2 protein chains.
Amino acid sequence: MTMTASITPVSDTGARIIEAADALYYARGFQAVGMDEVRSVAGVSLKRLYQEFPSKEALVLAVLRSRHAMWDSGIARAVQAASSPRDKLLAIYDYLSSWFGDESFRGCGFINAFGELGTVFPSVAELAREHKDSFQRYVADLVSAAGAPAQLAPQLALLAEGAQTTAAISGNADSAAHARAAAETLIDAALHA
Amino acid sequence: MTMTASITPVSDTGARIIEAADALYYARGFQAVGMDEVRSVAGVSLKRLYQEFPSKEALVLAVLRSRHAMWDSGIARAVQAASSPRDKLLAIYDYLSSWFGDESFRGCGFINAFGELGTVFPSVAELAREHKDSFQRYVADLVSAAGAPAQLAPQLALLAEGAQTTAAISGNADSAAHARAAAETLIDAALHA
DNA sequence: CACTGTAGAGAACGTTCGTTCTCGATGTCA
DNA sequence: TGACATCGAGAACGAACGTTCTCTACAGTG
């Protein structure tokens with residue numbers, strides 16, 4: 001799975017810059033990648049880069065917003081492909097599994113951004129919080145549609161979060177299957193309660 | 001809970017440096033903290049700093065090793081205080097809950113380090129992998145002592161990982177309770193199978 | 001053709017970083 | 001006391017960063 005921006009970019013050039021910056025930041029971290037390298041990979045001039053994104057912080061935020069949109073649409077696509085409410089919940093972990101298989105996978109970009117920039121850029125911490133919040137609400141809607149008690153939702157979300165960091169650090173995708181199996185147990189227990 | 005180094009330090013000065021560097025790195029990220037700030041907070045000269053740790057990479061690795069030792073001893077203390085095998089498993093989440101309550105809590109230091117430095121310093125990625133591996137083995141031992149099937153262990157570990165990142169980004173400690181509740185469900189389901 | 005505005009290439013600027021070097025003060029042992 | 005090692009304070013160095021500025025080329029318009 002290669003992530004490419006699909007949501008209405010500010011401009012064509014802006015999208016190319018975001019795509020290049022996202023790949024570089026995600027692979028190596030934010031502080032390790034300079035504006036000049038982004039400029040070089042994106043194939044634009046430094047002047048153009050700064051007229052699209054007036055600072056590195058602005059570029060980082062744009063990258064995170066694009067990542068959020070790709071996450072949302074990827075999950076939504078996987079969930080819509082499932083038929084039963086129970087399968088829709090489990091589709092989350094199938095989506096994770098295919099993501100973890102990507103050779104460039106290196107964990108959740110928001111967790112990485114939060115750890116590296118959360119203190120120095122409060123706007124980054126806020127965006128990460130919004131992203132995780134939105135995921136929690138999405139899971140809560142699916143849980144509610146499945147007729148399961150509300151407290152199941154944060155539990156299923158925890159499994160997804162844990163699977164992402166575990167897969168990133170261990171370097172293998174097994175955690176998606178473990179999360180899926182645990183989710184099945186939790187869902188069934190909640191429905192039979 | 002304030003984390004202070006408790007394991008045999010290389011030297012008294014080395015321990016002070018590690019403690020200062022750990023607090024700074026954990027609070028603001030690694031690249032955002034320079035050697036000079038570590039020197040200043042630790043109250044040592046730059047010369048002494050470099051003779052204890054010949055490079056920033058060496059200091060970062062020492063900080064991570066100290067964090068690993070504190071994590072291990074903190075978990076072990078909480079687990080030993082519980083009596084039944086089931087309660088020993090749940091003690092992990094009680095330990096997390098008290099950690100999340102610390103005002104300085106900002107997620108798992110190894111996940112943060114992996115995201116920021118994992119690519120640029122392979123040694124950091126390896127240390128993070130070892131840390132998570134050691135935790136997985138520890139949980140597996142507790143699961144085995146409880147007479148539960150082995151596949152329960154990675155599921156319980158996922159809950160712990162997810163709770164850490166969720167607590168960090170959301171800024172509240174509820175995820176520990178959610179993880180504990182989910183763990184109870186998974187344990188009971190595994191024991192009644 | 002002249003004129004004007006815009007663009008790209010990249011030099012330049014000021015700051016910060018990791019690391020090393022200098023220098024003066026202090027302490028130790030014969 | 002004097003010779004010598006050791007130390008802290010901080011200057012210094014080279015590299016890299018984020019950001020801005022300069023210069024040249026050229027497109028479009030009369």
Side-chain angles (χ1 to χ4, degrees), chain A residues 9-64 112-113 115-125 127, chain B residues 9-64 112-113 115-125 127:
Chain A
V10 172
S11 76
D12 199 46
T13 306
R16 260 223 323 287
I17 295 173
I18 288 179
E19 193 177 351
D22 182 45
L24 290 168
Y25 289 160
Y26 184 63
R28 308 220 312 271
F30 296 90
Q31 316 247 38
V33 175
M35 295 298 269
D36 203 64
E37 194 172 359
V38 172
R39 172 206 63 81
S40 153
V41 172
V44 301
S45 72
L46 215 46
K47 181 187 266 181
R48 201 166 191 75
L49 207 179
Y50 272 93
Q51 91 189 25
E52 295 275 351
F53 305 100
S55 68
K56 183 170 184 176
E57 179 177 5
L59 176 56
V60 166
L61 293 176
V63 162
L64 291 179
N112 296 347
E116 182 170 357
L117 302 176
T119 306
V120 66
F121 290 147
S123 52
V124 168
L127 221 54
Chain B
V10 173
S11 77
D12 200 45
T13 305
R16 259 224 321 290
I17 295 173
I18 287 178
E19 193 177 352
D22 183 45
L24 291 168
Y25 289 160
Y26 185 64
R28 308 220 311 271
F30 296 92
Q31 315 245 38
V33 175
M35 295 297 269
D36 204 63
E37 194 171 358
V38 172
R39 173 206 63 81
S40 154
V41 172
V44 301
S45 72
L46 216 46
K47 181 189 267 180
R48 203 167 190 72
L49 207 179
Y50 272 93
Q51 90 190 26
E52 296 274 353
F53 306 99
S55 68
K56 184 169 183 175
E57 179 176 5
L59 177 56
V60 167
L61 293 176
V63 162
L64 290 180
N112 295 349
E116 183 169 356
L117 302 176
T119 306
V120 66
F121 290 148
S123 52
V124 168
L127 220 55

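Naming convention: chains lettered A, B, ... in sequence-line order (proteins, then strands); numbering from 1 in each chain. Just so it is clear, the structure is predicted and the values come from calculations on it, not from any experiment.
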Backbone N/O of [Y] and side chain of [X]: donor-acceptor pair under 3.5 Å:
| X | Y | answer |
| --- | --- | --- |
| B:R16 | B:A42 | yes |
| B:K56 | B:F30 | yes |
| B:E52 | B:I17 | no |

**Prompt:** Mind checking what makes side chain to side chain donor-acceptor pair (under 3.5 Å) contact with A:T119, not counting sequence neighbours?
**Reply:** B:R106
**Item:** side chain to side chain donor-acceptor pair (under 3.5 Å) partners of B:E37, counting only residues at least two apart
**Value:** B:R28
Taking only residues two or more places apart in sequence, or in another chain, which ones meet [X] in a side-chain contact (heavy atoms from CB on, under 4.5 Å)?
| X | answer |
| --- | --- |
| A:V120 | A:L117 |
| B:A62 | B:I18, B:F53 |
| A:A21 | A:Y25, A:V38, A:L59, A:V63 |
| A:S55 | A:E57, A:A58 |

**Asked** What is the distance from CZ of A:R48 to C1' of C:dG10, rounded to the nearest Å?
**Response** 17 Å
**Message:** How many whole angstroms separate atom CD of A:E52 from atom C1' of C:dG8?
**Reply:** 15 Å
Polar-atom pairs under 3.5 Å, protein N or O versus N or O of nucleotides 4-6 of chain D: list them with distances, or write none.
none

**Message:** Considering only residues two or more places apart or on different chains, which pairs with a residue in residues 40-50 of chain A satisfy salt bridge (charged side-chain N to carboxylate O under 4.0 Å, His left out)?
**Reply:** none
**Request:** Estimate the overall bend of the helix from C:dC1-D:dG30 to C:dA30-D:dT1 from the end axes over five pairs each, rounded to 10 degrees.
**Result:** 20°
**Message:** Within the 4.0 Å limit for protein heavy atoms, which parts of nucleotides 10-25 of chain D are touched? Write it as a string from 5' to 3', B for base, S for sugar-phosphate only, - for none.
**Reply:** --------SBB-----
